[in-house]
Amino acid sequence: MDSVIELNDVVAVLGQFPALAGANLQVSRGEIVLLQGPNGAGKTSILRVCAGLLPIERGSGRVLGIDLVAQRDEVRSRVGLLGHSNGLYLDLTVDQNVRFWASMVNATEEEIVRAMSLMRIDGRLSSVKTARLSAGQRRRCALASLIVRRAEIWLLDEPHAGLDAQGRDELDIVLRNAVFAGATIVLASHEMERASALATRVVTVDGGGVQ
Amino acid sequence: MDSVIELNDVVAVLGQFPALAGANLQVSRGEIVLLQGPNGAGKTSILRVCAGLLPIERGSGRVLGIDLVAQRDEVRSRVGLLGHSNGLYLDLTVDQNVRFWASMVNATEEEIVRAMSLMRIDGRLSSVKTARLSAGQRRRCALASLIVRRAEIWLLDEPHAGLDAQGRDELDIVLRNAVFAGATIVLASHEMERASALATRVVTVDGGGVQ
Amino acid sequence: MSSVKSRRTIAVAVARKDLSIEWNSRILTNQVAPFAAIVMVMFAFALDNEGILQRVAPGLMWLATLFSMLIVVQRSFTVESADGALDALRVAGVDTGAIFVGKSLALMVQLFVLEILLLATAVVLYGVEMTAVGLLEAFVTMVVATAGLGCVGTLYGGLAAGAKGRETLLPLLLLPVVAPVLIGATRATEAAFGSGGTAVSEGWPWIGLLAVFAVIFAVAGTVAFGPLVDE
Amino acid sequence: MSSVKSRRTIAVAVARKDLSIEWNSRILTNQVAPFAAIVMVMFAFALDNEGILQRVAPGLMWLATLFSMLIVVQRSFTVESADGALDALRVAGVDTGAIFVGKSLALMVQLFVLEILLLATAVVLYGVEMTAVGLLEAFVTMVVATAGLGCVGTLYGGLAAGAKGRETLLPLLLLPVVAPVLIGATRATEAAFGSGGTAVSEGWPWIGLLAVFAVIFAVAGTVAFGPLVDE
Amino acid sequence: MTPNSGTGTSATRRLGVLVIVLVISLALFGLQFSAEDVVQGSTVRIMYVHVPSIWTAYIAFFLTAVCSGVYLSRRQRSLAWDRVAGASAEIGVLFVAVSLVTGSLWGRLTWGTYWVWDARLTSTAFLFITYVGYLAVRRLDGTHRQRARRSSVMALLAVLEIPLVHFSVNLWRSLHQDASVADPNAKVKLDGLMLFSLFLGLVTFTLLFVWLVLHRQRTMLLEDSFADRGLDVAIAERRNEAGVQ
Ligand code: HEM
Ligand SMILES: Nc1ncnc2c1ncn2[C@@H]1O[C@H](COP(=O)(O)OP(=O)(O)OP(=O)(O)O)[C@@H](O)[C@H]1O
Ligand SMILES: Nc1ncnc2c1ncn2[C@@H]1O[C@H](COP(=O)(O)OP(=O)(O)OP(=O)(O)O)[C@@H](O)[C@H]1O
Ligand SMILES: [Mg+2]
Ligand SMILES: [Mg+2]
């Protein structure tokens, strides 16, 4: 099956507010789709819907052929999400964090080590509580935890935010390799130059819909 | 007096760790200095030292001629800091937040209105709890609260993060105007293109020191 | 910033801010008050078979107040540190004494509301009866005790607000310090309730004690708050 | 993910994670335990004039446990939602039943440690004497009661974890449910302490009741946790 | 929603009339025809409200649980079940409240106090709180389906408390009447007319309950569709945000 994500006129509400007011999106395997648009447009919401976190109020959606309305939970085990927040346990060390998420998908030791060295959080940092890390180091830790998941679909919300110049380049390489290995990527970003260079397709989100 | 910030061999510790290991920095009035460097280099720490938040362990520093070791609290009322976190009260509405910070420096109603419309958080958003805002909208709210402070020195930690394309341009204008009105700006950023275009001088931070 | 007028405006602004946070989030009414009520119900349930409820009602009421106070204080400083607002407040360079006064006021208002509720609960659940004078005395007790609790709570809360490890100190620091308030307020309220045949007049000396406590910590707080919250 | 083995590994991983968070932050040992201890001291303060302490000791011990439990449960889900880890956990698509088991286990361990401390405190403060059999019974009571509390705490804590408004529910939801535990455990412990001349043998039926409670909520939790934490 | 159409149908109107008739006759039997109690005198008449109301509450909560179970078990879940569950719980809470009030009044007369921390009284109070909590859970923000899913789980747990209330008197020594009517192998202490009035009360309250639930769940249906209507407007506004900035 070709299109791994398809949203049809999806409406999703936060509180009373329709963060998505009829959004349509088709993504086929191997694409790197960039969602761009003004603040509050609905990018994060789209990613959360695709991850099966935000329920669909109206309309329909399928991810990897699984219905987002009926079987949201099935979807989750097959996608990986990096949100605005890092999803770390701040009282655990870098090492403990990555290993915990790894154990959720029983990743091999060797994968863990590779992910951590890729994100350069091995060595001194590995034994520091994530609460004490600098902003960028925390982002790296989150990315490492994501890498070990080997997800089929990567949903990334401003993945470059906080990373230093070198980190950004490294991340791009990681993402390209992931796609090369069969993954599909949807990312939201405001850094047009870099992100559009990475993306195979750019989609504009605004007013809770896709233009 | 010409140089508004000067740090001499400043050592500052977080927990046991020397986040700054002998940093030197001179900034003269009207400059826009960009701190750039790898994650964990010490950019945030430098800004926090200049804001009088992080105490100086060794070495000496003066801001606006005030000694950072002896009279840290004097410094504070004259600088404005935007950190990685926004410093908002998440249970208050956008409007309540901005007005609170405004009342700390008794800013005029007219200034408040201007700041909020500059950051485009007036209208619908002004009555939404900041907890419910999107990442970028929250950043805008923080910037509005900063603008009303009319500080002499602006210390900005990745001010562009999360802002949409238009917001970034608007912010640059705001900063240039502030400098035009006599302020001095030190900002840390990883977005070299945009930040270095804005800055009058670029400084590289690494290993807790300034190269 | 140092002129008296502006200090007052800042204190007011801070107090209003804390209260509107409470107003928006309703933590006190929806979470703390039920918790306190539950504490008292549980007491009643665990102790009633002894039939001593009326006699210990005042003690229980003030215990419940203290536990709830822990939550309120922690909350009052969590909102500051949640998104780094405390830093912003420090950098705002406003007089820390004013901040202390503002936060204490807000805390007092919340505690007072809470105590009114608890008093009502005690009357209903524990079948307390009071004379007019007793009611007045209970009221004065609550006002004075609250003043003290507000100050000491803010003072130590500020200390606990800073770096991570510190917050673990709050209950440890706070409860011993407020023990005198517990005793004083309990005795005064016993007099007000006439529990165990105590006369209303016996209450006033205790209220005096509470007043002294309040004054001490009001002064101490205004002076010491700045250095404490500061890293 | 659904094979039994992997479910077990996940439950273990989650439990270990929660426990090492506790180990790193020491909230339980530095904050909750002292709190609970102080609670019991305060009880001693507030009630001692009656000399009824020994008789109500069991009730007080379990009250203190319940209050502490509220804090521990809230904490156990704050760490999840602080940096959005709960979302990450949901997206990890692991069996929610396993998560429930894991978090419950961690909670039980913490509660049990706490109860040991409280029991010791009770023995010291309230001068409780126990026979060997009594001690055994007290021990069994604690194990069974803790199992129940762990499950129900995790279940409702999960419900309270999500969006803002919810957390305010926790005390409201938890109180009526744990009331039976409070009663059962208190009575059983009374028997163990021999408070008010109750015979040790009287305790066992209550322990049975506690066991039933534990089983019900263990099953309910494993099934219902998913739907509840889910947005 | 046209103004003249309400939540009633001819059926519910007939039911309503029947309920009114029954209430009147219950008043007559309870206050007039039935004899005084040997010990309690006239105060026993409170029983004809106190007991039926709590039993009706039991019925209501069982209904809530059943509907919730059905909602969860069905393949394609219909919110109708959830609405009935919610309505029934609301009315149930109402009836528990009635029985709490009448009970404590009765207690004032017979035990000389409104409230004692007796097993049944307390467990009843807890039952009340539990379902107040259930209603609070229903009011949490979220979509209708989220509401349905959460609350039905809650309902299935909460219903377990009813046996606790019922048997509380046997579990713990208690001031309160033990199951004298409900329990089969008890020699019924009540004379025929009293018993009749009691069951008349039960029938009356049950029908009253049915009548109320029918209306309530219809108003809920209207509320939900009204909320959806509001959403349509919000969606239109949201779409217009596009491009304005
Ligand atoms: C606030 C006070 C009271 C509460 C909360 C209360 C609660 C209840 C409850 C829950 C039941 C249903 C028992 C069952 O069948 O499961 C009940 C039944 C009954 N109550 Fe009360 N009650 C109260 C006061 C009283 C008083 C003061 C009396 C009379 C002295 C009384 C007499 C009865 C009788 C005769 C029944 C029916 C017996 C039976 O269970 O079959 N109640 N009450
Ligand atoms: N409870 C609420 N009340 C009103 N508006 C809300 C509420 N919750 C969310 N919103 C709005 O819904 C939108 C959420 O959009 P979303 O977070 O997807 O934006 P985004 O495209 O990710 O923006 P950003 O680029 O800033 O991350 C925001 O406009 C926010 O203001
Ligand atoms: N308690 C601690 N133990 C060990 N290392 C610590 C501790 N606290 C802070 N650090 C280290 O101190 C440094 C803090 O640097 P700082 O936050 O200034 O970096 P930065 O230049 O702002 O980085 P970024 O670009 O990611 O924001 C980080 O390397 C962090 O790992
Ligand atoms: Mg976003
Ligand atoms: Mg930084």
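Throughout, a chain's letter reflects where its sequence line sits, starting with A, and its residues are numbered from 1.
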Partner residues of E/Asp232 under the side-chain hydrogen bond (donor to acceptor under 3.5 Å, both in side chains) criterion, sequence neighbours left out =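 Here the qualifying residues are A/Arg58.
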Taking D/Leu173 as the fixed residue, which of E/Ile129, E/Thr130, E/Val137 is the one that meets the side-chain contact (heavy atoms from CB on, under 4.5 Å) rule?
->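 Looking at E/Ile129, E/Thr130, E/Val137, the match for D/Leu173 under the side-chain contact (heavy atoms from CB on, under 4.5 Å) is E/Val137.
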Considering only heavy atoms and a distance below 4.5 Å, find which of E/Leu127, E/Leu157, E/Leu72, E/Val132 pairs most often with chain D.
->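 Option with the top pair count is E/Leu157.
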For E/Phe126 and D/Ala179, which heavy atoms make the closest approach, and how far apart are they?
->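 For E/Phe126 and D/Ala179, the tightest heavy-atom pair comes out as CE1-CB, 3.1 Å.
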